[in-house]
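Read the structure below first, then the notes.
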Amino acid sequence: MSHNKITTSVLRQYKSEGRAIAMLTAYDYSMAKLLDEAGVDMLLVGDSLGNVILGYESTLPVTMEDMLHHVKAVCRGTKRAMVVADMPFMSYQVSMKKAVKNAGRLLQEGGAQAVKLEGGAAMADTVKAIVTAGIPVVGHLGLTPQSVNQLGGFKVQARDEQTAQTLLDDARALEAAGACALVLECIPDGLARRVCEAVAIPTIGIGAGAACDGQVLVSHDLLGLHSGFTPKFAKKYANLHQEIRTAVQMYIKDVQERQFPSPEYSFKMSDTMLEKLY
Ligand SMILES: Nc1nc(=O)c2c([nH]1)NC[C@@H]1CN(c3ccc(C(=O)N[C@@H](CCC(=O)O)C(=O)O)cc3)CN21
Ligand SMILES: CC(C)C(=O)C(=O)O
Ligand SMILES: [Mg+2]
């Protein structure tokens, strides 16, 4: 097998060469295999699985056990892409010791290559401790959904001078702490460009404009597979929701009209053998 796994040094090389990084979320084996074979560079097992897969209203109820379950499935389907696992709410905020232990579980038990956690300078020491343990960490700034109860909703972040400066300082603090990349979510494109220029590590945007070194989306959003709310920044490249509905309705009709299964989908036994049965 020619693995050619994407590593943190490959990501930095991409940035220096101006080659854009394509990242998508994946939550299961089949989809991970499909996205990996399509050539995506990074797969994020996002805590958005709380919304998309488990049907929660937010990402807050997602647990370490939920994450591990899905990280394992994704890693079994992935050869080339770097698998990044979101650290769920309360798995890294309580203590640095717990943070290192939980980050370690996502690599040791889950099989991920890196973890991602939300927060800026306040998380720098935690990032440093995890990195010191040999675990690559991706930072996440801007709209950080685990803080939705403080942010007061899912809104564009860092729109005024003070909050924009804080975000720039946070990016520098995370880089200094050893983060290998930064996700920038839902911030003005000009601010994202300033962050990209200010740090040497790759920035991966979601609703953060075109200047980022890479882009990430929730794959269900781009595939038109998610029946719930889709953010404005999510470009829909397909309408699989409708395709699946149509396919399932055809199946139901076939079953009801006894058109399925036709002989090609059935198994035969000789009439002479059948006649012997009593
Ligand atoms: N399906 C899905 N896609 C995502 O991108 C996503 C999730 N789920 N769950 C976790 C977080 C939550 N995210 C969200 C959720 C809502 C908005 C949102 O409502 N955005 C507004 C912008 C409002 C404004 O202009 O300030 C929008 O209209 O898109 C954005 C990101 C991103 N993540
Ligand atoms: C939206 C991305 C960046 C994420 O954190 C997730 O999918 O959980
Ligand atoms: Mg997340």
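In each ligand, atom 1 is the first atom listed, and ligand 1 is the first ligand listed. Since the structure is predicted, the reported quantities are computational estimates derived from the model, not experimental observations.
- Linking Ile, Leu, Val, Met, Phe, Trp and Tyr whenever their side-chain heavy atoms come within less than 4.5 Å leaves M90 and L49 in two separate clusters.
- Taking 4.0 Å as the cut-off between side-chain N and carboxylate O, D41 and R80 count as a salt-bridged pair.
- No hydrogens or angles considered: a donor-acceptor pair under 3.5 Å links the side chains of Y92 and Q146.
- What sits closest to atom 7 (C) of ligand 1 on the protein, heavy atoms only, is S48 CB, 4.0 Å.
- Between V115 and I130, the closest heavy-atom pair is CG2-CG2, 4.3 Å.
- Salt-bridge check for R12 with E17: failed, with every basic side-chain N at 4.0 Å or more from each acidic carboxylate O.
- Of all atoms in ligand 2, listed by their number and element, those nearer than 4.0 Å to a heavy atom of G46 are 6 (C), 7 (O), 8 (O).
- What sits closest to atom 1 (N) of ligand 1 on the protein, heavy atoms only, is D221 OD1, 3.0 Å.
- Of all atoms in ligand 1, listed by their number and element, those nearer than 4.0 Å to a heavy atom of V52 are 1 (N).
- Between the side chains of D169 and T166, not a single donor N or O lies within less than 3.5 Å of an accepting N or O.
- When you scan the N, O or S atoms of D86 for the one nearest the Mg ion (ligand 3), you land on OD2.
- The option from F229, Y56, F154 that lies nearest to atom 14 (C) of ligand 1, judged by heavy atoms, is F154.
- Per residue D47, closest N, O or S atom to the Mg ion (ligand 3): atom name OD1.
- Ranking protein heavy atoms by distance to atom 7 (O) of ligand 2, first place goes to S48 OG, 2.6 Å.
- Of the N or O atoms in K232, one or more lie within a sub-3.5 Å distance of an N or O in ligand 1.
- Looking only at heavy atoms of the protein, atom 4 (C) of ligand 2 is closest to L44 CD2, 3.5 Å.
- Under 3.5 Å, the side chains of N239 and E243 contain no donor-acceptor pair of N or O atoms.
- Shown here is K98, whose NZ atom has no more than 12 heavy atoms of other residues, nucleotides or ligands within 6.0 Å.
- In this structure, V40 and A22 approach most closely via the heavy-atom pair CG2-O, 3.1 Å.
- Contact annotation: for T25 versus ligand 2, heavy atoms closer than 4.0 Å belong to the side chain alone.
- Contact annotation for L217 and ligand 1: no heavy atom of the residue comes within less than 4.0 Å of the ligand.
- At a 4.0 Å heavy-atom cut-off, ligand 1 touches E185 through the side chain alone.
- The V218 neighbourhood of ligand 1 comprises atoms 1 (N), 2 (C), 3 (N), 4 (C), 5 (O), 6 (C), with distances under 4.0 Å to a heavy atom of that residue.
- When non-hydrogen atoms are compared, ligand 1 lies under 4.0 Å from the backbone of V156 as well as from its side chain.
- If you look at D86 next to ligand 2, the close heavy atoms, those under 4.0 Å, all belong to the side chain.
- Annotation for ligand 1: atoms under 4.0 Å from non-hydrogen atoms of N51 are 9 (N), 10 (C).
- Using a 4.0 Å cut-off between heavy atoms, D47 makes no contact with ligand 1 at all.
- For ligand 1, the polar-atom distance check finds no N/O of K155 at less than 3.5 Å from any of the ligand's N/O atoms.
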Given the rule in the side chain to side chain contact (heavy atoms under 4.5 Å, CB included) test, do I21 and L11 qualify, once you have shown the distances and angles that lead to the verdict? CA-CA 7 Å; I21 300 159; L11 296 182; 4.0 Å; yes
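- Here atom 5 (O) of ligand 2 lies nearest to K116 when heavy atoms of H220, K116, E118, M23 are compared.
- With no hydrogens or angles considered, a side-chain donor-acceptor pair links Y27 and T25 at under 3.5 Å.
- Near F233, meaning under 4.0 Å from any of its heavy atoms, are these atoms of ligand 1: 5 (O), 30 (C), 31 (C).
- Using a 4.0 Å cut-off between charged nitrogen and carboxylate oxygen, K33 and D36 do not count as a salt-bridge pair.
- Side-chain N/O atoms of D66 and T63 include a donor and acceptor closer than 3.5 Å.
- Between Y27 and ligand 2, a contact under 3.5 Å exists for no N or O pair.
- With 3.5 Å as the limit, one finds no donor-acceptor pair spanning the side chains of E185 and Q157.
- The side-chain tip of R76 does not point at the ring of Y29 from less than 6.0 angstrom away and within 45° of straight on.
- Of all atoms in ligand 1, listed by their number and element, those nearer than 4.0 Å to a heavy atom of L143 are 30 (C), 31 (C).
- Of all atoms in ligand 1, numbered sequentially from 1 with element shown, those under 4.0 Å from a heavy atom of P145 are 11 (C), 12 (C).
- Protein heavy atom closest to atom 1 (C) of ligand 2, with residue, atom name and distance, is I206 CD1, 3.6 Å.
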